[in-house]
Amino acid sequence: MKSPVVKRSIVVAGHKTSVSLEEAFWNGMKEISGLRNITLSELVGEIDGNRQQGNLSSAIRLFVLDYFRSRAQAAAAPAEAKVPVADKV
């Protein structure tokens with residue numbers, strides 16, 4: 001059985017490196033970089049520069065998860081704001 005994790009090469013800050021990611025996270029990164037109008041290399045460089053610990057692949061997964069979690073919460077917030085307080089019991 002083929003592993004769902006795929007190793008990919010990418011250039012970050014002028015250096016070639018590799019990351020092992022599931023297809024969903026790779027697609028999430030492509031979507032985020034497209035929405036932000038930056039290259040994948042630029043996005044990975046930003047993630048790499050901001051990570052506190054752990055490896056780059058893990059940092060990417062956490063970044064993508066946080067990005068889409070924040071979008072989901074923002075989309076849900078207006079709907080929650082419209083529900084009267086008495087109905088939230």
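For clarity, every value in this text was computed on a predicted model and none was experimentally measured.
Annotation: the span from I47 atom CD1 to S58 atom OG amounts to 12.0 Å, rounded to 0.5 Å. To the nearest 0.5 Å, atom CZ of residue R61 and atom CG of residue L56 are 10.0 Å apart. Once rounded to the nearest 0.5 Å, the distance linking CG of N55 with CG of D48 reads 10.5 Å. Here the CD1-CD distance, from I32 to E46, works out to 10.0 Å after rounding to the nearest 0.5 Å. Annotation: the span from L21 atom CG to I10 atom CD1 amounts to 9.0 Å, rounded to 0.5 Å.
Under a hydrophobic clustering in which Ile, Leu, Val, Met, Phe, Trp and Tyr are joined whenever their side-chain heavy atoms come within less than 4.5 Å, directly or via other members, F68 and L43 fall into the same cluster.
Smallest separation of non-hydrogen atoms from R71 and L35: NH1-CD1, 3.3 Å. Looking at every heavy atom in both residues, R36 comes nearest to F63 through NH1-CZ, 3.8 Å. For N50 against Q52, the heavy-atom pair with the smallest separation is O-NE2, 3.3 Å. Closest approach of S33 and L40 over heavy atoms only: OG-CD2, 3.8 Å.
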Working for side chain to side chain contact (heavy atoms under 4.5 Å, CB included), residues E22 and V64: CA-CA 12 Å; E22 295 80 2; V64 171; over 6 Å; no
Stepwise side chain to side chain contact (heavy atoms under 4.5 Å, CB included) test for W26 and I60: CA-CA 9 Å; W26 186 256; I60 290 170; over 6 Å; no
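Using a distance-only test at 3.5 Å, with no hydrogens or angles considered, no donor-acceptor pair links the side chain of S20 to the main chain of V5.
Between R8 and E23, at least one side-chain nitrogen of the basic residue sits less than 4.0 Å from a carboxylate oxygen of the acidic one, meeting the salt-bridge criterion.
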